[in-house]
Structure formats: C-alpha cells, structure tokens
Amino acid sequence: MSKTAPVRKNEQRQLTFIDMTHEGSGVAKLDGYPIFVPNTLPGEVADVKIIFVKKNFAIGKLSNLIEVSPNRVEPPCEVYHQCGGCQLQHLDYASQLVMKQNQVKNVMHKVAHLPDIDVNPTIGMEHPWRYRNKVQIPVGEKNGELITGFYRKKSHDIIEGMERCIITDEVNDEMVNGVRDVANRVGIRAYDEKIHKGTLRHIVVRRGKQTNQVMLVLVTRTKEMPYKKQFIDGILSLYPEVNSIMQNVNGERTNVILGRQTFCLYGDDYIYDTIGDVKFAISAKSFYQVNPDQTKVLYDEALRMAQLTGSETVIDAYCGIGTISLFLAQQAKKVYGVEIVPEAIDDAKKNAEINQLSNTEFVVGQAEKVMPWWTSQGLRPDVIVVDPPRKGCEEALLEAMVTMGPERIVYVSCNPATLARDLKYLTEHSYEVKEIQPVDMFPQTSHVETICLLTRKL
Ligand code: SAH
C-alpha cells in the first residue's frame with residue numbers, strides 16, 4: 001500500500017467495486033487502498049466523488065452508475081436513501097443472504113483462523129418485509145402540525161411525509177399515524193429538543209404477533225399531559241381493540257427513548273406473546289426480540305444444537321428476559337440464567353412462573369463474574385448457551401466456560417467479528433466448531449446473526 005492516499009478530496013473517480021463492508025457499502029481498491037461508497041455493489045463500475053480522505057481509506061459518494069449489478073433492485077421504500085435504518089434494500093434478498101453467509105466465512109478465515117470451516121447458507125424469511133413487532137417513532141412539528149417519522153441519516157431532522165416503514169408491522173405503522181392525527185386534533189404539542197419544551201417525544205407501538213395484543217406507549221417530557229382525557233378517548237374510539245396504553249415519562253435531554261417512570265393510562269400493564277409453546281409477558285420497557293418469526297427459527301436452532309434429552313443442566317449466559325432459557329427448560333433438567341439488567345431478570349422469573357417452568361434459576365450480575373463464581377461452587381453444566389451483546393464475551397467468561405467443560409457450547413452472536421475472536425479462544429482451549437448457522441433476523445439491514453455449535457474434544 002502506498003504511504004499517501006491515492007485520491008484527493010472532491011476528486012471525481014471511476015471505480016470498480018469488488019466487495020462490500022459489513023455496513024453495506026461497496027468497496028473499491030486502488031493499489032490496495034480501500035474506498036468505501038454507500039449504495040454500490042460488488043461487480044459494479046461507477047463514477048464517484050471522493051468526500052473524505054484518510055491515510056489508509058477514503059469514502060466516496062456515488063455520482064453515476066456505469067455498470068449495474070444484476071443483483072441490484074429498486075429499493076421499495078420511498079425514504080430508503082434518507083433514512084439509513086436499512087442498508088441493503090438495493091440488493092435482492094437472495095444476495096443479501098449470500099452476503100451475510102460470506103461475511104461470516106470471511107471472519108472465520110481471517111479472525112478465527114478456521115479457513116476450512118463450513119458456514120451454512122443463511123436461513124432467510126419467506127416474506128422479508130413488515131417483520132418488526134415494535135416501532136418507536138419520534139414526534140416533531142412542522143408549520144404548527146405534528147409530524148412523525150424517523151430521523152434523516154446522521155441528524156435529528158424528522159423525514160417529512162414518512163407515512164410508513166415497510167419493515168414494520170402494518171398494524172403498528174397505521175397506529176402511529178392514527179395516534180399522531182388524534183394528538184394533532186386535540187392540541188397536543190410535540191417535544192422540541194432544542195428548547196426542551198413541549199410534550200410528546202415518541203410514539204411506541206408493540207404487537208404480540210401470535211396473540212395480536214397491542215401496547216401503545218406515549219413518551220412524554222412531563223408526567224402532566226395537557227388534553228390527556230381527550231387524547232386517550234380519541235385513541236380508543238379509533239382503536240377500541242388496543243390492550244394497553246402506557247405513558248412513559250422522559251424528562252431528560254437525551255437520545256435514549258424511554259425514561260424511568262411508566263404509568264398505565266388504559267388497560268393492562270403487560271401484553272403477551274408466544275414463541276413456540278412459551279408465553280412471554282412484555283412490559284413497556286422489556287427487551288423482546290423484534291423479529292418474532294425468525295426468533296422462533298433461531299431458538300429452534302439453539303434447541304437442536306443443545307441436543308437435550310431431559311437430563312441436562314444448562315447455563316444460559318446473557319439471558320435477557322429468559323427467552324432462550326425458557327425455551328430450553330422445556331427439555332432440560334435445570335436451566336440457570338444470568339443477566340446484568342435487574343428488570344430483565346424480574347421478567348424472566350415472571351415468565352418462568354407463567355409457563356410453570358420451575359426448573360429455572362435466574363441471577364442478576366455480570367456473566368463474567370457469575371460464571372467463575374458458579375465454577376467455584378462446583379456447577380458443571382452439560383450445555384452452555386451464550387448470547388452476548390456486540391462486544392462478545394469477556395475472556396474471564398470464556399475461561400470459566402472452559403473450566404466448567406460442558407459437552408456442548410451454543411454461541412448465539414449478533415456480531416460475526418467478536419464471534420470469530422471468541423471461537424479462536426475456544427478452539428485453542430479444547431473445543432471444536434461443529435456447525436455455524438447464520439439466521440437472518442434483520443432482513444434489508446446489514447445486521448448478521450449467527451448461531452454456532454462447539455463440542456469438547458475428547
Ligand atoms: N438471550 C436474550 C438476550 C440477548 S441480548 C434473548 O434472546 O432475548 C444480550 C443481553 O446481555 C442483554 O439482555 C444485556 O442486558 C445482557 N448483558 C450485557 N452485558 C452483560 C454482562 N456483562 N453480563 C450479563 N449480561 C449482560
């Protein structure tokens with residue numbers, strides 16, 4: 001690679017794209033020097049304006065496509081290029097699945113040093129649209145009228161005229177517009193983050209796909225809500241079937257959507273949903289997987305890889321509200337779950353009760369601290385499942401797993417790079433990788449979810 005960048009800012013270049021980043025930009029190379037250009041695909045040739053130059057990479061903006069990939073499709077979303085929530089709508093779905101599989105293959109080669117390992121084809125969705133069961137939409141104002149829509153890429157400006165999000169559940173999408181119109185009619189003002197005034201910050205809608213139960217969460221700056229009664233009455237006359245209307249108060253100047261306090265304005269505090277035979281109570285603040293169809297696919301894979309017969313002891317580390325734990329508890333002797341968020345563990349215990357799965361035990365704490373402690377207490381599980389956040393597992397946790405020495409480890413990952421790093425450790429410490437299965441939890445976006453089975457050697 002040359003020492004100085006081979007391109008200058010504002011220069012126009014014709015480039016040939018050979019690869020794609022994990023964020024969905026096309027990659028072209030000049031003498032090994034990479035140039036990343038959003039909205040380009042491998043195999044394409046394009047005129048590009050260079051907009052950002054560093055010593056070891058540059059970023060360009062597509063000006064004109066000269067050779068078009070046969071895998072390119074017209075993005076069906078009207079605001080695709082403004083929004084940034086999806087990164088792959090311009091690539092046909094079959095190619096998205098191949099791209100995700102290749103990305104996992106790549107890191108297995110480069111990071112895990114497992115060049116010969118097979119990666120199964122990505123399990124995709126039959127209808128990879130309208131899959132999200134939760135929507136959280138910012139509320140703003142334009143010419144005295146309330147508007148709703150996602151923020152424009154890298155900004156806090158609401159995309160005007162955004163009436164739908166085609167990866168969001170249709171019921172939720174429609175309800176956001178209905179609630180906004182009622183708020184407009186009764187005179188509710190939007191929160192203005194510049195001056196920290198006004199009322200309505202976000203409209204959140206969650207639907208239990210299997211139960212059809214709907215929860216609406218109105219996020220406001222203050223507990224006091226002008227025209228509250230008219231607002232709720234208006235919503236109920238439009239949506240009499242809604243199960244729960246909650247108010248969440250967020251008085252902070254923050255990008256975090258939900259605040260600390262939540263009140264019930266109408267109906268129940270919880271809605272329910274099921275994944276397979278397990279029932280879950282979902283509150284306004286509970287974490288719950290956003291793609292219920294693929295969650296079932298992913299957990300079925302976890303169950304298959306865990307190979308339970310009913311006599312096993314299992315640990316589910318990073319268990320959240322116990323979704324995987326409860327799924328496995330149906331076929332194991334005992335399941336231990338550990339999770340850092342106390343409210344999630346409260347939900348996990350409640351969900352265990354609802355499902356009468358008394359063979360579960362949930363603990364609040366850092367998995368990398370609790371696992372070594374369990375080890376010192378003599379806990380020796382047959383199977384360990386881990387589902388860490390993007391940064392992957394701490395080494396102390398990997399070490400504890402190796403000391404516990406389960407027959408099988410099932411690793412669920414939302415970041416192939418840290419998965420590969422952790423597999424390197426485990427394969428250097430008496431485990432071997434038996435199967436790697438990407439599951440497409442987030443179609444149209446560049447997120448890659450992978451589940452992997454390891455077994456102990458000897
Ligand atoms: N398995 C769950 C949730 C996985 S998301 C499901 O499928 O629904 C990852 C979880 O790890 C989150 O709930 C997060 O709160 C938790 N977490 C993050 N860091 C942690 C740590 N150091 N120890 C334990 N849990 C942690």
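As the structure lists them, so they are numbered: ligands from 1, and atoms in each ligand from 1.
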Determine, using ring centers only, whether His202 and Tyr191 are less than 6.0 Å apart.
no
For the pair Asn133 and Tyr288, evaluate side-chain hydrogen bond (donor to acceptor under 3.5 Å, both in side chains) and give the outcome as yes or no after the intermediate values.
CA-CA 9 Å; Asn133 59 7; Tyr288 186 63; 5.5 Å; no
Are more than 12 heavy atoms, taken from residues, nucleotides or ligands other than Lys153, located less than 6.0 Å from that residue's NZ atom?
yes
Does anything in residues 448-458 form a side chain to side chain donor-acceptor pair (under 3.5 Å)? List the pairs, not counting sequence neighbours.
Glu407-Arg456
So the side chain to side chain donor-acceptor pair (under 3.5 Å) pairs with at least one residue in residues 310-327 (sequence neighbours excluded) are Tyr299-Thr323, Thr309-Ser311, Thr309-Glu312, Asp316-Ser325
Contacts of Glu174 that satisfy salt bridge (Lys or Arg N to Asp or Glu O under 4.0 Å) - sequence neighbours left out
none
Protein residues having a heavy atom less than 4.0 Å from any atom of ligand 1:
Phe287, Gln289, Tyr299, Tyr318, Cys319, Gly320, Thr323, Ile324, Glu339, Ile340, Val341, Gly365, Gln366, Ala367, Glu368, Asp387, Pro389
